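Written out below as structure tokens is the structure these notes cover.
The model shown is predicted, which means the values in this text are computed figures rather than measured ones.
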Amino acid sequence: MKVQVLVSAMNASPRALAEKMNLSSDAIIINQCDRKDYEEFSHRGRSIKCFSFAERGVGKSRNHALQEADLDICLFSDEDIVYEDGYEESIAAEFARNPKADMIVFNITVEEARRTYHIEERKRVRFYNCGRYGAVSFALRRDKLQESGVCFSELFGGGAKYSNGEDSLFIKEFMKKGYRVYTAPVTIGREEAADSTWFSGYHEKFFFDRGVLYAFLYGRLASLMALRFLLAHRQVMCREVPLKKACRLMKQGIAEGRSLCRP
């Protein structure tokens with residue numbers, strides 16, 4: 001069972017990036033820059049394919065990678081991930097252990113301030129807790145992924161109109177179509193500290209964009225989930241923008257999101 005890492009990068013030097021990320025499996029690098037180009041090279045005896053595009057948007061990047069994927073397991077990644085030695089074997093072992101899993105979520109070590117989850121047991125992911133996981137933790141069976149027809153939203157994420165949430169929408173849609181997602185208490189890599197491509201603080205745009213996302217994620221429950229989100233995180237998130245204003249901004253975002261959701 002072979003793993004293919006699908007890397008979203010910007011203005012990267014592919015050979016240097018493969019070394020920095022400690023890639024030891026096959027990989028596809030989508031390099032968003034100022035040109036259209038293609039190169040393929042061998043790294044540690046494995047094939048690295050690099051497609052360069054003069055465009056922006058992490059959703060577009062991941063979707064391009066999906067179109068080119070051709071091995072057993074797809075592992076989404078970003079250029080700031082550094083993999084553990086033996087990560088391919090660890091991922092393959094988890095899929096062999098759980099043949100029911102169409103997708104497995106793994107641990108990626110991040111700095112405490114950015115951590116949204118830490119997996120300590122093997123269990124099935126449900127709709128109510130799927131939003132905590134980032135795309136760089138997703139490993140999927142390629143045949144199931146292509147069968148599902150699910151792709152990443154190009155409205156959300158770095159380089160898109162709305163800040164983030166493309167990963168939450170992806171996993172929700174995949175599960176909605178009946179595919180099974182599980183967790184594995186296995187760390188496969190770490191995130192190097194770097195400036196975020198989407199997060200620049202808890203300002204007005206952050207809350208508005210989060211409201212748009214909640215309209216897509218939760219439908220009629222969007223307003224209730226927004227209030228729950230704000231109350232749970234107000235001590236950290238509502239220092240620059242007061243709670244009442246943040247609530248109003250999220251409601252405005254929900255209204256815009258619902259208009260976009262309508263056929």
Between [atom1] on residue [X] and [atom2] on residue [Y], distance to nearest 0.5 Å:
| X | Y | atom1 | atom2 | result |
| --- | --- | --- | --- | --- |
| L23 | Y87 | CG | OH | 4.5 Å |
| D72 | D26 | CG | CG | 10.0 Å |
| R62 | S77 | CZ | OG | 7.5 Å |

Open item on the list: Test of understanding: clusters of I, L, V, M, F, W, Y form through side-chain heavy atoms closer than 4.5 Å, transitively. Do V186 and V136 belong to the same one?
Closed with: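 Yes, it is one cluster - the side chains of V186 and V136 are joined through contacts under 4.5 Å.
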TODO: State plainly whether one hydrophobic cluster holds both L227 and V236, where clusters connect Ile, Leu, Val, Met, Phe, Trp and Tyr through side-chain heavy atoms under 4.5 angstrom apart.
DONE: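 L227 and V236: one cluster.
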Would you say [X] has more than 12 foreign heavy atoms packed within less than 6.0 Å of its [atom1]?
| X | atom1 | answer |
| --- | --- | --- |
| R56 | CZ | yes |
| K205 | NZ | yes |
| K177 | NZ | yes |
| K20 | NZ | yes |

Flag, side chain of [X] to backbone of [Y], donor-acceptor distance under 3.5 Å:
| X | Y | result |
| --- | --- | --- |
| R46 | H43 | no |
| R141 | F95 | yes |
| R258 | A255 | no |
| H203 | F206 | yes |
| S90 | G86 | yes |
| T109 | R190 | no |
| Q32 | G57 | yes |
| N98 | E94 | no |
| Y182 | K100 | no |
| T187 | G189 | no |

Open item on the list: Between D70 and K49 (salt bridge meaning N to carboxylate O under 4.0 Å), is one present in this structure?
Closed with: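 Yes, charged N to carboxylate O under 4.0 Å.
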Open item on the list: Between M103 and R180, is there a side-chain heavy-atom distance shorter than 4.5 Å?
Closed with: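 With C-beta onward as the side chain, the pair stays apart.
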Task: Student check: side-chain heavy atoms of I28 and Q4 closer than 4.5 Å - done: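 Heavy-atom side-chain distance check passes, below 4.5 Å.
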Which heavy atom of [X] sits nearest a heavy atom of [Y], and at what distance?
| X | Y | answer |
| --- | --- | --- |
| N31 | N11 | OD1-N, 3.0 Å |
| V7 | D78 | CG1-C, 4.1 Å |
| G157 | V58 | CA-CG1, 3.8 Å |
| C238 | A246 | SG-CB, 4.3 Å |
| Y202 | V241 | O-CG2, 3.7 Å |

Under 3.5 Å side-chain donor-acceptor pair for [X] and [Y]:
| X | Y | value |
| --- | --- | --- |
| E88 | Y83 | no |
| D85 | N22 | yes |
| R248 | Q252 | no |
| S47 | E40 | yes |
| Y38 | S52 | no |
| Y179 | E173 | no |

Open item on the list: If you take the centroid of each ring, where Trp contributes its six-membered ring, are F156 and F216 closer together than 6.0 Å?
Closed with: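 Here the rings of F156 and F216 have centres that are less than 6.0 Å from each other.
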TODO: Could you tell me whether F229 and Y214 have their ring centroids closer than 6.0 angstrom?
DONE: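 Centroid distance F229-Y214: below 6.0 Å, so yes.
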- [ ] Check step by step if ring-ring contact (aromatic ring centres under 6.0 Å, His included) holds for H64 and F51.
- [x] CA-CA 9 Å; H64 278 309; F51 299 83; 8.4 Å; no
Open item on the list: Please determine whether side-chain contact (heavy atoms from CB on, under 4.5 Å) holds for the pair L145 and L66, giving the CA-CA distance in whole Å, both sets of side-chain angles, and the decisive distance to 0.1 Å.
Closed with: CA-CA 9 Å; L145 179 54; L66 285 176; 3.1 Å; yes
- [ ] Please name all residues satisfying salt bridge (charged side-chain N to carboxylate O under 4.0 Å, His left out) with E89, sequence neighbours left out, ordered by chain then number.
- [x]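 E89 satisfies salt bridge (charged side-chain N to carboxylate O under 4.0 Å, His left out) with no residue once adjacent residues are dropped.
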Task: Residues that P185 engages under side-chain contact (heavy atoms from CB on, under 4.5 Å), provided they are two or more places apart - done: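 I119, R122.
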- [ ] Under the ring pair (Phe, Tyr, Trp, His ring centres under 6.0 Å) rule, collect the residues that match up with F170, sequence neighbours excluded.
- [x]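 Counting only residues at least two positions away or on another chain, F170 forms a ring pair (Phe, Tyr, Trp, His ring centres under 6.0 Å) with F76, F152.
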